[in-house]
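Throughout, numbering of the chain's residues begins at 1 and tracks the sequence. First listed ligand is number 1; within each ligand, the first listed atom is number 1.
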Amino acid sequence: MTEKFDVIVIGGGPGGYVAAIRAAQLGLNTACIDKFTGKDGKPAPGGTCLNVGCIPSKALLDSSKHFYHLQHDYAAHGISVSDAAIDVPAMIARKDGIVKKLTGGVTQLFKGNKIAYYHGTGKLHAGRQVEVSPVDGSGTVSLEADNVILASGSVSIEIPHVAIDGKYIVDNVGALDFDAVPETLGVIGAGVIGLELGSVWNRLGAKVTLLEALPDFLAVADKDISKQAARVFKKQGLDIRLNTLVKGAEIKDGKVTVTLGDKNGESQLTFDRLLVSVGRKPYTEGLLADDCGVQLTERGRIQVDEQSRTTAAGVWSIGDCVRGPMLAHKASEEGIAVAELIAGKPAHINFDTVPWVVYTDPEIAWVGKTEQELKAVGTEFNTGSFPFAANGRALAGGQGTGLVKMLADAHSDEILGVHIFGANASELISECVVAMEFQGSSEDLARIIHAHPTLSEAIHEAALHVDKRAIHRGN
Ligand code: FAD
Ligand code: AMP
């Protein structure tokens, strides 16, 4: 027998589970199929983000930040601690507890919203027929819906001649679960994930070397931010090697030897552990039957239009498996928009105001265009900036590193981009996202009252500095 739904969502990450909840809120009879199984062997909806991505990485970043501050920063406050030690299994158990709480929360939300949750693999056939193969091996289930949303996410990219074994050579999954601090850790790829997970183990005492093929550090960020960040991260102990292409890796006698190509030719480095973080690719394995009508792009992403419609009628796709940045909040917003479109409501996503965050210490966050992007297309702009070293609240908290940089159109003053390197940048950026969403100008932010003393005053001052009238810095 085929069970019928209004909406079937395949994939229960931040794209899929959010889409399912919004569809159910709109009165649509909804099913969500997700195959993720937690470390305890139980169903764990929430996808990469909750299980092996955003949340566990932030849990470890917070634990390791406490440990690092204890050793490096507390003395300045007059606090001395002797024999500080890190219990890695306890830290990992705390992280696992947080993951469990959140994936359990998603299960509860499914129940509360009367969403039928299937712990299994979903395969789309022609006519929006979906076949579910349950993880527990019980017989397949046939479902059918007026609308199907594909939200199958992404997986780590592997590179040739660097085989992940899960112990010595790991991806994000393994690097979130080391049982001890490795003495030396090699990280291939100095992107967002490499920097975050590299920082975790660096703060806990590992000697971390980042091997990056590109000539520029964090090339996606504004160059003033990435330059300053590179200096700060090097001081924290991260050994960042640019122009360094990893060509292969071999595990021998419990160590990993990596073959590198750089300007000096070929060389080798040996580490206790190696993290491969060279990016992620869309995941569609086993998702699409030959007759389903959904086409992939050349790069393996599910092809969609600007409103997330695939090439098959009534089939939509969102999140990491489609175009756009691979970010959880982007996936969730697409999920909400698609549910609303299915329910006949208007919906729209502004991809120009998707915020980006790198959870290093200090954090990096931005929204909109970088200076180099504006220059490349010949847009005339004015720049304002403000260092946290001149912000009272930052100094009081020992957070005087970094800056806010604002770019505004030279003619209309509309804010085109804001770039923050500093404490709580992940939270501070929201004000700038709101301003940009409302097509605000630097003058708008300059005329808004910011509480004193707060880190947000640095945004206020950067906005004032666009017009060269900042108060607490030279103009
Ligand atoms: P996913 O979260 O990947 O979920 C897809 C789900 O679908 C998975 O559970 C998968 O098992 C399931 N699935 C796939 N195929 C099928 C099928 N055929 N049948 C049933 N189920 C299926 N983003 C941020 O915004 N902020 C961060 O701080 C951040 N940190 C990150 C840290 C790390 C280490 C990593 C790896 C990623 C991080 N990301 C972060 C990225 C973020 O995790 C992804 O952008 C987000 O999870 C994408 O959501 P999604 O719903 O598209 O896919
Ligand atoms: P991200 O996509 O943000 O996770 O970043 C991944 C990074 O890995 C990019 O900066 C790539 O340039 C880098 N990268 C990809 N392949 C290699 C390689 N073989 N050796 C070194 N760096 C690489």
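Annotation for ligand 2: atoms under 4.0 Å from non-hydrogen atoms of Leu211 are 21 (C), 22 (N). Within ligand 2, counting atoms from 1 as listed, the ones closer than 4.0 Å to a heavy atom of Thr244 are 20 (N), 21 (C). Residue Gly189 has at least one heavy-atom neighbour below 4.0 Å for each of these atoms of ligand 2: 7 (C), 8 (O), 13 (C), 22 (N). Proximity to Ser277 (heavy-atom distance under 4.0 Å) selects the following atoms of ligand 2: 6 (C), 8 (O). If you number the atoms of ligand 2 from 1 as listed, the ones under 4.0 Å from a heavy atom of Gly279 come out as 2 (O), 4 (O), 6 (C). Which parts of ligand 2 touch Val192 is read off a 4.0 Å heavy-atom cut-off, strictly below it: atoms 3 (O). Residue contact check: Ile159 has heavy atoms under 4.0 Å from atoms 19 (N) of ligand 2. The Val246 neighbourhood of ligand 2 comprises atoms 18 (C), 19 (N), 20 (N), 21 (C), with distances under 4.0 Å to a heavy atom of that residue.
Ion pairing between a basic and an acidic side chain is recognised when a charged N comes within 4.0 Å of a carboxylate O; Glu334 and Arg323 show such pairing. Taking 4.0 Å as the cut-off between side-chain N and carboxylate O, Glu183 and Lys207 do not count as a salt-bridged pair. Taking the charged nitrogens against the carboxylate oxygens, Lys247 and Glu266 do have a contact shorter than 4.0 Å, which makes a salt bridge. Between Arg94 and Asp96, none of the side-chain N atoms (NZ, or NE/NH1/NH2) sits under 4.0 Å from a carboxylate O, so this pair counts as no salt bridge.
The protein heavy-atom contact nearest to atom 44 (C) of ligand 1 is Asp320 OD2, 3.2 Å. The shortest contact between atom 21 (N) of ligand 1 and any protein heavy atom is with Lys35 N, 3.3 Å. Atom 8 (C) of ligand 1 has its closest protein heavy atom at Asp34 OD1, 3.5 Å. Summary of contacts: the protein heavy atom closest to atom 33 (C) of ligand 1 is Gly53 CA, 3.4 Å. Regarding atom 14 (C) of ligand 1, its nearest protein heavy-atom neighbour is Ser152 O, 3.3 Å. In terms of protein heavy-atom proximity, atom 5 (O) of ligand 2 is closest to Gly191 CA, 3.4 Å. Shortest contact from atom 26 (N) of ligand 1 to any protein heavy atom: Cys54 SG, 3.8 Å. Among protein heavy atoms, atom 22 (N) of ligand 2 sits closest to Ala213 N, 3.1 Å. For atom 25 (O) of ligand 1, the closest non-hydrogen atom of the protein is Ala328 N, 2.8 Å. The single protein non-hydrogen atom nearest to atom 53 (O) of ligand 1 is Gly153 CA, 3.1 Å, given as residue, atom name and distance.
In this structure, Lys330 does not count as a contact residue of ligand 1, since none of its heavy atoms falls inside 4.0 Å of the ligand. Note on ligand 1: Gly286 sits outside its first shell, no heavy atom being nearer than 4.0 Å. Using a 4.0 angstrom heavy-atom cutoff, Ser277 does not count as in contact with ligand 1. Put simply, part of Lys58 is less than 4.0 Å from ligand 1, judged by heavy atoms.
Relative to atom 15 (C) of ligand 2, the option among Val278, Val220, Val358 with the closest non-hydrogen atom is Val278. Scanning Glu196, Met326, Glu212 for the heavy atom closest to atom 7 (C) of ligand 2 points to Glu212. Evaluated by nearest non-hydrogen atom to atom 18 (N) of ligand 1, the leading choice among Gly122, Ala44, Gly47 is Gly122. By heavy-atom distance, the residue among Pro45, Gly11, Ala151, Cys321 lying nearest atom 5 (C) of ligand 1 is Ala151.
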>> Evaluate Lys255 against Asp272 for salt bridge (Lys or Arg N to Asp or Glu O under 4.0 Å), listing each step before the verdict.
In response: CA-CA 5 Å; Lys255 302 254 180 205; Asp272 292 316; 2.6 Å; yes
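Counting heavy atoms from C-beta outward, Val358 and Glu363 have side chains that stay 4.5 Å or more apart. With contacts defined as side-chain heavy-atom distances shorter than 4.5 Å, the pair Val276/Asn172 does not qualify. Residues Leu26 and Lys345 meet the side-chain proximity criterion, which asks for heavy atoms closer than 4.5 Å.
Only side-chain heavy atoms of Arg280 come within less than 4.0 Å of ligand 1; its backbone N, CA, C and O stay farther off. Residue contacts with ligand 1 for Ser154 involve N, CA, C or O but no side-chain atom from C-beta outward (heavy atoms, distance under 4.0 Å). Residue-level proximity to ligand 1 for Val52 is carried by the backbone, the only part with a heavy atom below 4.0 angstrom. Only side-chain heavy atoms of Ile193 come within less than 4.0 Å of ligand 1; its backbone N, CA, C and O stay farther off. Heavy atoms from both the backbone and the side chain of Thr121 come within less than 4.0 Å of ligand 1.
No more than 12 heavy atoms of other residues, nucleotides or ligands sit less than 6.0 Å from atom CZ of Phe438. Counting non-hydrogen atoms of other residues, nucleotides and ligands closer than 6.0 Å to CD of Gln236 gives a total above 12.
The CZ atom of Phe421 sits 8.5 Å away from atom CG of Leu403, with the distance rounded to the nearest 0.5 Å.
Aromatic ring pairs are classed by plane angle as parallel below 30°, tilted from 30° to 60° and perpendicular above 60°; the pair Trp366 and His419 is parallel. Phe110 and Tyr17 have perpendicular rings, their planes meeting at more than 60° on a 0 to 90° scale where under 30° would count as parallel.
Between the side chain of Lys95 and the backbone N or O of Leu176, at least one donor-acceptor pair lies under 3.5 Å.
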